[in-house]
Amino acid sequence: MLGMKLPHHHGGAADVRSRGPEQTVKSLMERASCRSFQNRKIPARVINTILMAGTHAATGGNLQPYSIIKVTSASSKKELADLCGQDFIARAPVDLLFCIDWHRIRQWARMECAPFSATSSFRHFWISFQDTVVCAQTVCTAAEALGLGSVYIGTVLECFRNLRTMFRIPRLVFPVVLVCLGYPKGTLHPRKKLGPQVVVHNNKYRRLDAGELRDAFNEKYSNLKVDITSDRLKTIHAVCAKVKGERFARRCLERIRKTGHINAAQRYFGLHYRADRMPDNNDEFLLIMEECGFKWFRRHVWK
Ligand SMILES: Cc1cc2nc3c(=O)[nH]c(=O)nc-3n(C[C@H](O)[C@H](O)[C@H](O)COP(=O)(O)O)c2cc1C
């Protein structure tokens, strides 16, 4: 793989000499999220192969504390689309809901007369969250290798309780992420990323200096300049004032007026993932975790 030519959207140097990447790696680097699907079923053998690959992924201690709910019914997909607020979810032939699952493992431990405390242990939360995502990503990679497109849906977090009811999810099972799969309609356009020269640190963490950092982000988001509107300014002002105070809010608006646009960072944290709203509901999320039977964010006391 050394000397490989990285596609330009990957932040790689275009002049690295190479014989060309092998197909798998090429497809990994040319992938893009797919939100538009052909009206074409995924053959059972294809979906089964993909799921087989997913369940073959690495998993802490080889425990596999996850489950995948395969959703193909039109009414359930529509409900998912409504709950997650994204129409294309209904148009994907298959939606997969990846969940942390300690229910199955506790049942097994009980049956086998083994001690079990995973649902009270932060370590087990950590590992099962990782395992679930590793499985999901393996599924996406296998799907893409077989000509399918995929997209993750993180907004399942807006509707944990509905999902539990809808799919009859028992306690000790927790939805993590949804993946939509289908044959892509049209060409996918890879998005620019920060490349290894920014995100990889050799042996020790290296802080980027201000210039490097600005160049890297400017390059990544060169196409992302949001027009100024009075509504947007009003929102950004309110967000800044709440999070960092009135003086900072004025500074932010001054910067916007000077540059003539809303930049990518301001758009991300002032408009899209609003910094004044993101920490809301932390208590509610903890409560939902506990409703699901998990006590992994609490001090554990042996009875
Ligand atoms: C954890 C996670 C959650 C995501 N949630 C959504 C989502 O709710 N809706 C969506 O359209 N895309 C979602 N995405 C896809 C990202 O928007 C996408 O990966 C990102 O914009 C980069 O584009 P690319 O995947 O085409 O490289 C999510 C991706 C990840 C990894």
Side-chain angles (χ1 to χ4, degrees), residues 6-12 21 24-37 54 57 66 68-69 71 76-100 125-126 128-145 147-160 162-163 166 174-196 198-199 216-226 263-265 267-269 271-274 277-278 281 285:
L6 296 171
H8 65 92
H9 65 266
H10 225 267
T24 313
V25 178
K26 187 166 179 283
S27 83
L28 282 173
M29 293 201 278
E30 289 177 349
R31 63 150 293 284
S33 291
C34 175
R35 298 178 182 85
S36 178
F37 303 99
Y66 56 75
I68 307 166
I69 299 177
V71 188
S76 297
K77 288 189 295 178
K78 169 79 174 74
E79 206 175 334
L80 271 178
D82 292 345
L83 285 170
C84 295
Q86 303 183 70
D87 291 348
F88 60 84
I89 296 171
R91 293 191 290 273
V94 175
D95 293 324
L96 299 173
L97 182 65
F98 289 84
C99 305
I100 288 175
F125 157 70
W126 193 248
S128 55
F129 192 84
Q130 293 175 99
D131 287 345
T132 306
V133 175
V134 168
C135 172
Q137 183 52 43
T138 306
V139 161
C140 291
T141 305
E144 278 147 22
L148 291 163
S150 70
V151 62
Y152 283 98
I153 303 295
T155 50
V156 292
L157 123 163
E158 313 287 353
C159 51
F160 286 137
N162 309 67
L163 295 174
M166 197 175 154
F174 198 85
V176 172
V177 76
L178 184 74
V179 168
C180 308
L181 291 181
Y183 291 98
K185 194 195 251 178
T187 315
L188 298 176
H189 299 286
R191 299 184 69 187
K192 287 187 185 178
K193 298 284 196 286
L194 299 175
V198 175
V199 305
F217 281 94
N218 281 349
E219 172 53 26
K220 180 177 179 190
Y221 296 115
S222 57
N223 302 326
L224 210 166
K225 284 180 183 152
V226 178
N263 67 36
R267 179 250 178 198
Y268 269 110
F269 304 118
L271 293 172
H272 194 65
Y273 303 117
R274 285 181 53 165
R277 293 194 176 157
M278 287 293 118
N281 304 329
F285 287 129

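Just follow the structure's listing: the first ligand is 1, and inside any ligand the first atom is 1. Numbers for residues simply follow the sequence, beginning at 1.
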Minimum-distance protein heavy atom relative to [atom]:
atom: atom 11 (O) of ligand 1; result: Arg35 NE, 2.6 Å
atom: atom 1 (C) of ligand 1; result: Val177 CG2, 4.4 Å
atom: atom 18 (C) of ligand 1; result: Ser33 OG, 3.6 Å
atom: atom 20 (C) of ligand 1; result: Arg191 NH1, 3.7 Å
atom: atom 9 (N) of ligand 1; result: Gln86 OE1, 2.7 Å
atom: atom 13 (C) of ligand 1; result: Tyr152 O, 2.9 Å
atom: atom 22 (C) of ligand 1; result: Lys193 NZ, 3.7 Å

Is [Y] close to [X] at the side-chain level, that is, under 4.5 Å between some pair of heavy atoms?
X: Phe129; Y: Phe174; result: no
X: Leu83; Y: Met166; result: yes
X: Ser150; Y: Glu144; result: yes
X: Val176; Y: Tyr66; result: no

Anything under 30° is parallel, anything over 60° is perpendicular, the rest tilted; go ahead and classify Phe37 against Phe88.
->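 Tilted.
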Checking side-chain contact (heavy atoms from CB on, under 4.5 Å) for the pair Cys99/Thr132: CA distance, chi angles, key distance, verdict?
-> CA-CA 7 Å; Cys99 305; Thr132 306; 5.8 Å; no
Test of proximity, Gly154 against ligand 1: N or O pairs below 3.5 Å =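 Yes - when backbone and side-chain N and O of Gly154 are compared with those of ligand 1, one distance drops under 3.5 Å.
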Has [X] got a side-chain atom pairing as donor or acceptor with [Y]'s backbone, closer than 3.5 angstrom?
X: Lys77; Y: Asp95; value: no
X: Tyr183; Y: Pro93; value: no
X: Gln130; Y: Trp126; value: yes

Atom indices of ligand 1 within 4.0 angstrom of [X] heavy atoms, with elements:
X: Phe88; value: 11 (O)
X: Val151; value: 12 (N)
X: Ile153; value: 5 (N), 6 (C), 7 (C), 8 (O), 9 (N)
X: Ala32; value: 26 (O)

Ligand 1 contact on Leu188 by region, counting heavy-atom pairs under 4.0 Å |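 The answer is neither.
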Applying a strict 4.0 Å limit to heavy atoms, is Arg31 in contact with ligand 1?
->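 Distance cut 4.0 Å: Arg31 passes for ligand 1.
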